[in-house]
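Contents: one structure, followed by commentary.
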Amino acid sequence: MSDLCVGTAAPDFELRDQDGNNVRLGQFRGVSPVVLFFYPKDNTRICTQEVCAFGNDYSQFRDAGAQLFGISSDSADSHTKFSRKYSLPYPLLTDSGGEVRKLFGVKKTWGVLPGRATFVIDREGIVRHIFSSQFEAGAHVSEALAALRA
């Protein structure tokens with residue numbers, strides 16, 4: 001597990017989005033802040049609430065100049081269907097082996113459910129805020145927006 005904490009550099013990674021595009025965290029260094037939210041699974045109740053809440057407030061993330069990405073271990077095909085079903089305006093990244101989740105130290109809940117955590121990374125690649133709550137999906141959005149504005 002990672003000892004990633006606020007004030008440390010976010011680990012670089014590369015994952016594919018639902019359209020097959022490679023996304024590397026490092027490509028945003030010096031360009032824009034990044035908000036990454038790790039969620040357990042497409043098409044589950046709380047995860048759907050969370051991804052839709054991020055979608056509903058997407059314009060606020062764009063206004064703050066931030067790049068927004070949802071990350072789970074679901075397949076690109078699952079992400080494509082999920083994204084289309086809810087008209088998500090931001091990419092979903094596939095972390096099939098959970099390696100990026102481990103890099104960021106996102107722990108499992110009760111040792112079985114993939115954790116739900118949000119990271120706000122500044123334009124220099126430094127983690128500025130971490131929020132983790134398995135069941136308060138909407139709080140991830142408000143926490144991330146508050147951190148971007150700070």
Side-chain angles (χ1 to χ4, degrees), residues 1-18 23-74 78-79 82-83 85-150:
M1 276 303 178
S2 167
D3 56 359
L4 190 63
C5 57
V6 171
T8 62
D12 198 14
F13 66 84
E14 186 171 307
L15 294 174
R16 286 190 185 268
D17 71 11
Q18 74 268 23
V23 175
R24 191 173 58 79
L25 182 60
Q27 76 190 62
F28 301 103
R29 190 162 288 145
V31 177
S32 66
V34 175
V35 175
L36 302 175
F37 70 95
F38 291 85
Y39 66 99
K41 186 143 185 62
D42 292 346
N43 294 300
T44 56
R45 187 176 59 84
I46 297 173
C47 295
T48 299
Q49 290 172 359
E50 182 181 23
V51 300
C52 289
F54 273 108
N56 292 341
D57 287 334
Y58 182 68
S59 63
Q60 293 182 61
F61 289 95
R62 295 304 302 152
D63 289 349
Q67 300 292 323
L68 175 64
F69 299 98
I71 302 174
S72 82
S73 59
D74 292 294
S78 175
H79 281 340
F82 189 46
S83 181
K85 182 177 182 178
Y86 295 102
S87 302
L88 301 178
Y90 57 87
L92 299 177
L93 307 179
T94 296
D95 182 23
S96 57
E99 294 306 312
V100 175
R101 184 178 291 275
K102 288 177 193 148
L103 272 177
F104 278 76
V106 180
K107 295 178 175 56
K108 291 185 177 186
T109 301
W110 302 311
V112 291
L113 291 174
R116 184 183 315 279
T118 298
F119 295 81
V120 177
I121 302 160
D122 71 14
R123 70 180 67 245
E124 302 313 316
I126 305 301
V127 176
R128 292 297 170 200
H129 188 72
I130 301 170
F131 180 73
S132 179
S133 173
Q134 191 72 331
F135 302 107
E136 295 181 52
H140 286 265
V141 176
S142 56
E143 287 276 333
L145 285 170
L148 282 171
R149 293 177 182 133

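Bear in mind that the values here come from a model prediction, so they are computed numbers and not experimental data.
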Any chance you could measure [X], atom [atom1], to [Y], atom [atom2], to the nearest 0.5 Å?
X	Y	atom1	atom2	result
Ser132	Lys107	OG	NZ	9.0 Å
Glu14	Leu25	CD	CG	11.0 Å
Ser73	Lys41	OG	NZ	6.5 Å
Leu68	Leu92	CG	CG	9.0 Å
Asp74	Thr94	CG	OG1	7.5 Å
Arg116	Ser72	CZ	OG	10.5 Å

Item to complete: Report the C-alpha separation of Val120 and Phe131 in whole Å, then their side-chain angles, then the decisive distance to 0.1 Å, and conclude whether the side chain to side chain contact (heavy atoms under 4.5 Å, CB included) test is met.
Response: CA-CA 9 Å; Val120 177; Phe131 180 73; over 6 Å; no
Using residues 142-150 as the side-chain source, report each donor-acceptor pair under 3.5 Å to any protein atom, sequence neighbours left out, with the distance given to one decimal.
{"residue": "Ser142", "atom": "OG", "partner": "Ala139", "partner atom": "O", "Å": "3.2"}
{"residue": "Glu143", "atom": "OE1", "partner": "His129", "partner atom": "NE2", "Å": "2.7"}
{"residue": "Arg149", "atom": "NH2", "partner": "Gln60", "partner atom": "OE1", "Å": "2.3"}

Beyond-backbone contact of [X] with [Y], side-chain heavy atoms, under 4.5 angstrom:
X	Y	value
Ile71	Phe13	yes
Ser133	His140	yes
Val23	Leu15	no

Worksheet item: For the side chain of Arg62 and the backbone of Ala66, is there at least one donor-acceptor N/O pair under 3.5 Å apart?
Response: yes
Worksheet item: Any donor-acceptor pair under 3.5 Å linking the side chain of Tyr58 with the backbone of Leu88?
Response: no
Worksheet entry | Heavy-atom closest contact (Pro91 atom, Asp17 atom, distance) | CB-CB, 4.0 Å
Item to complete: State, to 0.1 Å, how close Leu4 and Ala9 come at their nearest heavy-atom pair, and which atoms those are.
Response: CD1-O, 3.5 Å
Tabulate below the donor-acceptor pairs under 3.5 Å that side-chain atoms of residues 28-39 make, not counting sequence neighbours, or state none.
{"residue": "Arg29", "atom": "NE", "partner": "Glu124", "partner atom": "O", "Å": "3.4"}
{"residue": "Tyr39", "atom": "OH", "partner": "Asp42", "partner atom": "OD1", "Å": "2.5"}
{"residue": "Tyr39", "atom": "OH", "partner": "His79", "partner atom": "ND1", "Å": "3.4"}

Fill in: Qualifying residues under side chain to side chain donor-acceptor pair (under 3.5 Å), relative to Gln27, sequence neighbours excluded
none
Worksheet item: Should Tyr86 and Asn43 be marked as a side chain to side chain contact (heavy atoms under 4.5 Å, CB included) after you check the CA-CA gap, both sets of side-chain angles, and the distance that decides it?
Response: CA-CA 10 Å; Tyr86 295 102; Asn43 294 300; 4.1 Å; yes
